[in-house]
Q: 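Handing you a structure now.
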Amino acid sequence: MPKLQGLEFWRTTLREARYVVAPMVDQSELAWRLLSRRHGAQLCYTPMLHAQVFVRDANYRRDNFYSEVCAEDRPLITQFCANDPEVFLKAALLVQEHCDAIDLNLGCPQMIAKRGHYGVFLQDEWDLLEKMVKLAHEKLSVPITCKIRVFQDVERTVGYAQMLEKAGCQLLTVHGRTKDQRGPLTGIADWEHIKAVRKAVNIPVFANGNIQHLSDVERCIEETGVHGVMSAEGNLHNPALFEGSSPPVWEMAEEYLEVVKEHPPSTQSFVRAHLFKLWHHTLQIHQDLREELGKVKSIEGMAEVSRQLRLRCQEEIAREKEGVAVRPQGDLPFPHWRCQPYIRPPPKELDPNGKSECSEVRITSQKRALEDSDGTPDVLSKNKQKKQARNPYKNWDPESRPKYLMCDQCGHPKGKKCVFDMCRACCKKKAYKDVADCPGHDIRFKTKADRRKAEEEEREEREGSPQETDPHGGPQETDPHGGPQETDPLDGPQETDPLDGPQETDPHGGPQETDPLDGPQETDPLDGPQVLPRHRPQSGAGRPPRGHTSP
């Protein structure tokens with residue numbers, strides 16, 4: 001069957017999906033996708049997977065994809081970040097049998113994407129992107145799709161989308177924000193860019209950005225003409241967004257935890273993060289349970305915290321019905337215990353000189369300490385406040401902290417007793433290279449090398465020493481316990497009777513003892529000694545009884 005393309009792919013394979021759950025790092029795992037599908041989502045993306053790691057690491061493939069293959073989870077698009085055409089193709093070939101399309105992430109704006117050189121930080125390298133999309137389009141059995149962010153210039157955004165369509169992209173998701181619109185500078189997504197792209201290409205287009213309620217979905221489709229709408233943060237705070245409802249948070253939390261029991265994620269951090277998102281507004285009030293949710297180490301513990309939050313909310317609802325005044329809801333459209341989006345505060349506008357107040361936004365963030373004119377912090381950050389609660393005697397004043405000499409190699413504090421005047425990491429490299437010891441850091445490469453050398457010399461000396469031999473050339477027979485057995489100079493190692501032959505020996509190697517009452521054993525001159533046992537040996541006895549000869 002030929003590979004479906006463009007609108008036919010959207011109609012047949014994706015079943016004309018309009019409500020889409022976005023690819024979210026460590027958040028759109030199988031359990032969350034199944035929960036979202038129960039409440040109106042028609043298409044889901046996997047979390048963003050790193051193509052190079054996916055190709056190299058079998059454990060990464062198992063934990064992040066193969067362990068989450070599920071027949072109910074379709075249609076499904078798998079997203080990769082990549083910057084090499086061959087690596088991207090290899091990763092896509094490993095998953096194409098378990099999904100309906102492969103998506104190339106060209107929209108991630110995080111600093112990890114900048115350091116890894118992928119996501120939105122590839123949007124200026126059109127030649128590379130054209131090669132990646134074209135190669136995947138030619139070699140894969142499923143369509144290739146892309147998720148992008150816009151440029152400041154609408155014309156450049158349109159040209160970007162047309163280039164990807166020409167290279168073989170069969171569906172395009174457009175996030176209406178630039179790469180600089182993230183964190184405190186997120187702002188509002190520009191739907192005009194999305195509308196311009198929709199008119200300029202002949203493939204399906206999904207819109208992303210500003211989606212908090214079902215009414216936003218309908219308005220976006222009407223204003224831009226897109227085929228579907230994707231939600232990320234709106235879905236995380238309300239998985240029933242595409243149903244158009246705002247159920248009590250505990251209903252969604254309990255249902256999610258039930259799905260987790262059937263389809264546990266590879267790590268509990270996924271579950272904790274989802275509960276933090278669902279209970280976001282309530283946890284601003286019940287700070288003690290927020291701390292508890294961060295500390296628990298099991299799914300059962302998280303479920304118990306969620307249960308306590310439910311009980312507190314239900315108590316508040318009961319008091320409200322009885323006419324008891326409760327805390328105001330603030331700017332929230334619904335009570336805090338209802339699923340609803342978190343609205344980011346808008347970024348500050350430019351000053352009269354046209355300069356960005358990005359630095360000021362960072363300084364006045366709630367997570368940072370405010371500074372007086374003299375530069376001393378007025379309030380500790382939340383993280384340091386937690387540390388101070390655990391260790392109240394810790395000194396937070398940088399001026400009164402002890403000064404340390406720095407390592408010449410890396411600038412970290414060096415060890416006080418280090419023989420090389422380095423930090424431990426640099427000292428270890430130096431000692432390994434020079435086969436040296438550093439008692440100050442308890443690094444002993446030379447000692448270990450000398451010990452191994454001595455053991456090898458001892459083993460070679462032991463294995464190479466000549467064996468003691470008899471004067472006539474035969475090897476000297478030794479007693480099993482280590483001492484050599486006395487030998488006759490002419491006949492060999494075994495002591496013999498002058499007339500007949502060898503004397504019978506004890507099983508442990510020495511000559512046979514004689515009965516102390518009978519004297520030495522008499523032998524027949526022709527036949528040798530005749531042995532008559534005193535007792536028959538019992539079955540299983542360890543050592544047979546010594547015998548005696550007849551007179």
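This one's a predicted model, so the numbers in the text were calculated from it and none came from an experiment.
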Q: Does a sphere of radius 6.0 Å around CD in E72 hold more than 12 heavy atoms from other residues, nucleotides or ligands, not counting ones at 6.0 Å or beyond?
A: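 Open: at most 12 neighbouring heavy atoms sit under 6.0 Å from CD of E72.
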Q: Any non-hydrogen side-chain atom of I102 less than 4.5 Å from a side-chain atom of I77?
A: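 A side-chain contact under 4.5 Å is absent here.
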Q: Can you tell me how far OG of S266 sits from CG of N59, rounded to the nearest 0.5 angstrom?
A: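 Result: 11.0 Å between the selected atoms.
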Q: Could you go through R319 and E315, starting from their C-alpha distance and side-chain angles, then the distance that decides it, and tell me whether this counts as side chain to side chain contact (heavy atoms under 4.5 Å, CB included)?
A: CA-CA 6 Å; R319 291 197 304 269; E315 290 175 1; 4.0 Å; yes
Q: Strictly distance-based, threshold 3.5 Å: is any side-chain N or O of Q79 a donor or acceptor partner for the main-chain N or O of T46?
A: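 Judged by distance alone, no pair lies under 3.5 Å.
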Q: Roughly how far, to the nearest 0.5 Å, is CD of E138 from NZ of K3?
A: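 If I round to the nearest 0.5 Å, the distance is 9.0 Å.
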Q: Please report the shortest heavy-atom distance between L135 and E86, naming the atom on each side.
A: CD2-OE2, 3.9 Å
Q: Between the side chain of R61 and the main-chain N/O of V55, is any donor-acceptor distance below 3.5 Å?
A: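 Checking the backbone N and O of V55 against the side chain of R61, a donor-acceptor pair under 3.5 Å is found.
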Q: Is any side-chain heavy atom of V249 closer than 4.5 Å to a side-chain heavy atom of C313?
A: no
Q: So does V174 get a backbone contact from the side chain of R149, meaning a donor-acceptor N/O pair under 3.5 Å?
A: no
Q: Which heavy atom of E97 sits nearest to which heavy atom of S141, and what is that distance?
A: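 So the minimum-distance heavy-atom pair works out to OE2-OG, 4.3 Å.
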Q: Tell me whether the rings of W32 and H274 are parallel (<30°), tilted (30 to 60°) or perpendicular (>60°).
A: parallel
Q: Check whether Q181 reaches the backbone of T186 with its side chain - one donor and one acceptor, N or O, closer than 3.5 Å.
A: yes
Q: Please give me the minimum heavy-atom distance between Q27 and A273, naming the atom from each residue.
A: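 What the structure gives for the nearest pair is NE2-CB, 3.2 Å.
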Q: Kindly determine whether W337 and I317 satisfy side chain to side chain contact (heavy atoms under 4.5 Å, CB included), including the steps that lead there.
A: CA-CA 9 Å; W337 43 266; I317 295 171; 3.6 Å; yes
Q: Flag this pair as yes if the NZ/CZ of R156 is under 6.0 angstrom from the six-membered ring centre of F151 and inside a 45 degree cone about the axis; otherwise no.
A: yes
Q: Less than 4.5 Å apart, any side-chain heavy atom of L278 and any of P239?
A: yes
Q: More than 12 foreign heavy atoms under 6.0 Å from CD of E254: is that the case here?
A: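 Yes, because the 6.0 Å sphere around CD of E254 holds more than 12 heavy atoms from other groups.
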Q: Taking all atoms of both residues into account, what is the closest heavy-atom pair of F276 and L283, and its distance?
A: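 In this case the closest contact between F276 and L283 is CD2-CD1, 3.6 Å.
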Q: Could you give me the CA-CA distance, side-chain angles and deciding distance for Y118 and H50, then say whether ring pair (Phe, Tyr, Trp, His ring centres under 6.0 Å) is met?
A: CA-CA 10 Å; Y118 57 81; H50 196 295; 5.6 Å; yes
Q: For D288 and R312, what are the C-alpha separation, side-chain angles and deciding distance, and is it a salt bridge (charged side-chain N to carboxylate O under 4.0 Å, His left out)?
A: CA-CA 12 Å; D288 58 325; R312 293 192 184 184; 2.8 Å; yes
Q: Are K195 and E223 side-chain neighbours, meaning at least one heavy-atom pair lies under 4.5 Å?
A: no
Q: Say you draw a straight line from CG of L7 to CG of L14; how long is it, rounded to the nearest 0.5 Å?
A: 11.0 Å
Q: Run the numbers on H227 and F206 for ring pair (Phe, Tyr, Trp, His ring centres under 6.0 Å), then give the verdict.
A: CA-CA 6 Å; H227 299 80; F206 288 162; 7.7 Å; no
Q: Any idea how Y19 and F242 line up, ring-wise: parallel (<30°), tilted (30 to 60°), or perpendicular (>60°)?
A: parallel
Q: Indicate whether any N or O donor in one side chain lies under 3.5 Å from an N or O acceptor in the other, for H280 and Q340.
A: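 Checked: H280/Q340 side chains show no N/O donor-acceptor pair below 3.5 Å.
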Q: Start with the C-alpha gap between E68 and H263, add the side-chain angles, then the distance that decides, and say whether side chain to side chain contact (heavy atoms under 4.5 Å, CB included) holds.
A: CA-CA 8 Å; E68 297 195 338; H263 304 280; over 6 Å; no
Q: Run the salt bridge (charged side-chain N to carboxylate O under 4.0 Å, His left out) test on E255 and R38 for me, step by step, so that the C-alpha distance in whole Å, both residues' side-chain angles and the decisive distance to 0.1 Å come before the verdict.
A: CA-CA 10 Å; E255 186 175 355; R38 292 182 182 181; 3.1 Å; yes
Q: Look up atom NE2 in H39 and atom CE in M252, then write down how far apart they are to the nearest 0.5 Å.
A: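 Going from NE2 on H39 over to CE on M252, the span is 3.5 Å.
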Q: Taking the side chain as C-beta and beyond, is there a heavy-atom pair between Q96 and L93 under 4.5 Å?
A: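 Yes, side chains in contact.
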Q: Using a 6.0 Å cut-off, check whether atom NE2 of H412 has over 12 heavy atoms from anything other than its own residue.
A: no
Q: Any sub-3.5 Å donor-acceptor pair from R338's side-chain atoms to P248's backbone N or O?
A: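 Answer holds: no.
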Q: Under the 3.5 angstrom rule, does the side chain of E243 hit a backbone N or O of G40 as a donor-acceptor pair?
A: no
Q: Are any side-chain N or O atoms of N64 and backbone N or O atoms of Y60, one a donor and one an acceptor, separated by less than 3.5 Å?
A: yes
Q: What I want to check is whether the side chains of H213 and D216 have a donor and an acceptor closer together than 3.5 Å.
A: no
Q: Can E291 and K295 be counted as an ion pair, charged N to O under 4.0 angstrom?
A: no
Q: So, does E165 use its side chain to make a donor-acceptor pair with the main chain of V201 at under 3.5 Å?
A: no
Q: Salt-bridged, E304 to R307, with N to O below 4.0 Å?
A: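 So E304 pairs with R307 through a salt bridge.
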Q: If the condition is side-chain hydrogen bond (donor to acceptor under 3.5 Å, both in side chains), which residues does S269 pass it with, not counting sequence neighbours?
A: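 S269: side-chain hydrogen bond (donor to acceptor under 3.5 Å, both in side chains) contacts with T267.
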Q: Is any side-chain heavy atom of T157 less than 4.5 Å from a side-chain heavy atom of Q152?
A: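 T157 does not reach Q152 side chain to side chain.
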Q: Has I112 got more than 12 heavy atoms of other residues, nucleotides or ligands less than 6.0 Å from its CD1?
A: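 No, CD1 of I112 has 12 or fewer neighbouring heavy atoms, counting only those of other groups under 6.0 Å.
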Q: Compare every heavy atom of V260 with every heavy atom of P265, then report the nearest pair and how far apart it is.
A: CD-CG1, 3.9 Å
Q: Does the side chain of Q308 pick up a donor-acceptor pair with the side chain of H286 at under 3.5 Å?
A: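 Checked: Q308/H286 side chains show no N/O donor-acceptor pair below 3.5 Å.
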Q: Regarding D100 and R74, does a basic nitrogen lie under 4.0 Å from an acidic carboxylate oxygen?
A: yes
Q: Considering non-hydrogen atoms only, spot the tightest contact between C81 and M48 and give its length.
A: CB-SD, 3.7 Å
Q: Going through the checks in order, is the side-chain hydrogen bond (donor to acceptor under 3.5 Å, both in side chains) test met by S306 and W250?
A: CA-CA 7 Å; S306 183; W250 61 80; over 6 Å; no
Q: Other residues, nucleotides and ligands only: do more than 12 of their heavy atoms fall within 6.0 Å of OH on Y432?
A: no
Q: Between K277 (side chain only) and N238 (backbone N and O only), is there a donor and an acceptor less than 3.5 Å apart?
A: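 Not a single qualifying donor-acceptor pair exists.
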Q: Say you draw a straight line from NZ of K134 to CG of L129; how long is it, rounded to the nearest 0.5 Å?
A: 14.5 Å
Q: For C146, is there any backbone N or O sitting under 3.5 Å from a side-chain donor or acceptor partner on D103?
A: yes
Q: In Å and rounded to the nearest 0.5 Å, what is the CG to CG distance from L164 to L104?
A: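 Nearest 0.5 Å value for the CG-CG distance: 8.0 Å.
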Q: Is there a side-chain contact between D63 and F65 in this structure, where contact means two heavy atoms from C-beta onward sitting under 4.5 Å apart?
A: no
Q: Do M230 and K147 touch side chain to side chain, with heavy atoms closer than 4.5 Å?
A: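 In short, these two side chains touch, coming nearer than 4.5 Å.
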Q: Test side chain to side chain contact (heavy atoms under 4.5 Å, CB included) on F54 and V95 and set out the steps.
A: CA-CA 10 Å; F54 196 88; V95 304; 3.3 Å; yes
